Amino acid sequence: MQELIDNLDGLAGIPAWVIKAFAIILAALLLELVYRIFVNHLERLSEKSGHMWDDAVVYAGKRPISLLIWWQGLIMAARVMAPKTDVVTFDTAVLGIAQQLGLVVAATWFFYRLTSGFEKAFVEERRKRDEHVDLTTVTVLGRIVRIAFVLTGLLTGLSILEIPISGLLAAGGVGGIAVGLAARDLLANFFGGFTVFMDRPFSVGDWVRSPDREIEGTVEHIDWRVTRIRKFDKRPMYVPNATFTTVTLENPSRMTHRRIAEHIGVRYDDFGLMRKVVGDIRQYIMNHEALDTTQTTMVHFDRFGASSLDIMIYCFTKTVVWTEYHEVREDVLLGVGEIIESHGAEIAFPTRTLKIDMAEQLADEVHEAIPATSGARGGAEADSDEADSKKSSSGTRKRSKRKGKKSSSSVKTDDKTDTREPKGGDVGGDSGDGGEGNA
């Protein structure tokens, strides 16, 4: 091959080293093409197999190996051109470092994709066998392994570049303080996510709710910073992971049973039937196939209500599925209603009873008291009129006395002689005597 290239040297004015570099790149191209055909064939075969592990291996090596073929072909071509050019990039030492870095990058990428493929294959295999799989745990483990591969590749690359790691750690310690203060919330969310992954209060697919915050829905995705929760109205909610370290969280998806707690009222008129009714309802509840009687189960006459005799029913269903629970609850309530009806009793509704016996007696007493009150009122009016007439006559006498005193005060009743000249009309004047003297 080398002799053929040397014989072609100078042909058409093209140097031999150029032809050699071109041949290497062409060989890399053909090798990558052959590899792509081969890996596509493997991919089709793996899809026909009954398990997912081979799919993960093919998925992991498809792109990284293609990158490696191209990278090594370019490096070999650059080595051919290095003695013929003064470009620093084509220096032998630089090309050796680039070749090693290419191997590290391809290997890191391969193991990163292999981890993702194994994670997906594990979940699919468990679901095929109808086995429970904790997606949160699988996701966390997959992320930890991928981070480990990336850090290993990064440290290997730094060692190839002969960069001291101790200096970076020292610089990172000083800068880490500033970054930590600036990204305090981000770090809080990160460690909150780590806490969620370690404690696992919920997993993907769980129904969660918080009585402290308006958080309720189905967990769709758990990330290092936020958790995506799909609310029941189908709107997504993005909750920072730091929130879960400070709030109370409920996980109804992990309940073992669902509870039925009801009070059913019977009329007061059916009090005589209560023992039989309660006994039959208790027997019906204890024999219901959808109820778990190993849990707390109670059927009792509970209280005298405002308008009903209340029967308490307290039991647990075997199912925890929301739709199935409502079907069981409906069947229990209908059965209880049929038992009450079969005894001739009725379910009570709010009523109010008014006692009117005393009201009629009070009305009769009022009617009897009305005439006596009228007579007393007439006598009082007569007495008042009489008092007014007496008062009027007394006032008249008093005015007459005052006038008499005024008139008699102008007449001298003592022995002295009245020197005034008599005038006509004056009280005390004698008109007959006066007339006779004038005549």
Side-chain angles (χ1 to χ4, degrees), residues 35 39 42-43 46-47 49 51-72 98 100-128 131-161 163 165 168-169 172 175-176 179-180 183 185-206 219-229 238-242 244-245:
Y35 170 74
V39 77
L42 284 179
E43 190 174 10
S46 63
E47 290 177 354
S49 63
H51 52 81
M52 304 291 294
W53 305 107
D54 51 358
D55 294 343
V57 175
V58 173
Y59 166 78
K62 187 174 182 179
R63 293 183 179 276
I65 295 179
S66 294
L67 173 65
L68 184 62
I69 293 173
W70 276 106
W71 191 278
Q72 295 301 319
Q100 294 178 15
L101 288 177
L103 290 172
V104 172
V105 171
T108 304
W109 194 11
F110 172 81
F111 287 110
Y112 187 94
R113 290 168 64 88
L114 183 65
T115 304
S116 300
F118 279 169
E119 178 184 337
K120 182 179 179 181
F122 177 79
V123 174
E124 293 295 333
E125 289 290 338
R126 296 294 293 269
R127 286 178 174 176
K128 282 183 179 180
E131 297 179 0
H132 174 71
V133 55
D134 191 351
L135 292 178
T136 304
T137 303
V138 175
T139 302
V140 171
L141 293 178
R143 287 178 178 176
I144 293 175
V145 173
R146 286 194 291 270
I147 290 174
F149 281 129
V150 171
L151 290 177
T152 302
L154 180 61
L155 294 176
T156 304
L158 292 176
S159 64
I160 292 173
L161 296 174
I163 298 176
I165 301 175
L168 290 177
L169 293 177
V179 173
D185 294 339
L186 181 62
L187 293 176
N189 291 328
F190 176 81
F191 286 109
F194 184 78
T195 303
V196 170
F197 289 138
M198 292 297 102
D199 296 341
R200 292 188 297 175
F202 54 84
S203 302
V204 175
D206 285 355
V219 179
E220 284 191 342
H221 181 70
I222 303 174
D223 206 343
W224 288 110
R225 192 182 68 84
V226 297
T227 296
R228 185 174 72 244
I229 297 176
Y238 298 91
V239 183
N241 289 330
F244 299 119
T245 62

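Owing to the predicted nature of the structure, the values given are computational and were not obtained by experimental measurement.
Not counting sequence neighbours, Y112 has no partner by the ring pair (Phe, Tyr, Trp, His ring centres under 6.0 Å) test. Not a single salt bridge (Lys or Arg N to Asp or Glu O under 4.0 Å) links R63 to another residue, sequence neighbours left out.
Looking at F111 and V145, their side chains never come closer than 4.5 Å, going by heavy atoms from C-beta outward. For the pair F244/T195, no side-chain contact is recorded, criterion being any heavy-atom separation below 4.5 Å from C-beta on. With a 4.5 Å cut-off on side-chain heavy atoms, V57 and L42 do not count as touching. Contact of the N241 side chain with the T227 side chain is registered, since non-hydrogen atoms from C-beta on lie closer than 4.5 Å.
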Would you check, one step at a time, whether the test side chain to side chain contact (heavy atoms under 4.5 Å, CB included) holds for T152 with T108? CA-CA 8 Å; T152 302; T108 304; over 6 Å; no
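The CG atom of L103 lies 5.0 Å from the CD atom of Q72; values are rounded to the nearest 0.5 Å. Once rounded to the nearest 0.5 Å, the distance linking CG of L154 with CD1 of I147 reads 12.5 Å. Between the CD1 atom of I222 and the CG atom of D206 there is a distance of 8.0 Å, given to the nearest 0.5 Å. Interatomic distance, CZ of R113 versus CZ of F149, reported as 14.5 Å (0.5 Å rounding). If you take CG on L114 and CH2 on W109, they are separated by 14.0 Å, rounding to the nearest 0.5 Å. To the nearest 0.5 Å, atom CD1 of residue I65 and atom OH of residue Y35 are 3.5 Å apart.
The salt bridge (Lys or Arg N to Asp or Glu O under 4.0 Å) analysis of residues 139-153, with sequence neighbours excluded, yields the pairs E119-R146, R143-D223.
For V196 against P201, the heavy-atom pair with the smallest separation is O-CD, 3.6 Å. Nearest approach of A56 to F118, heavy atoms of both residues: CB-CD2, 3.5 Å.
Between the side chain of T245 and the main chain of A242, a donor-acceptor pair closer than 3.5 Å is present.
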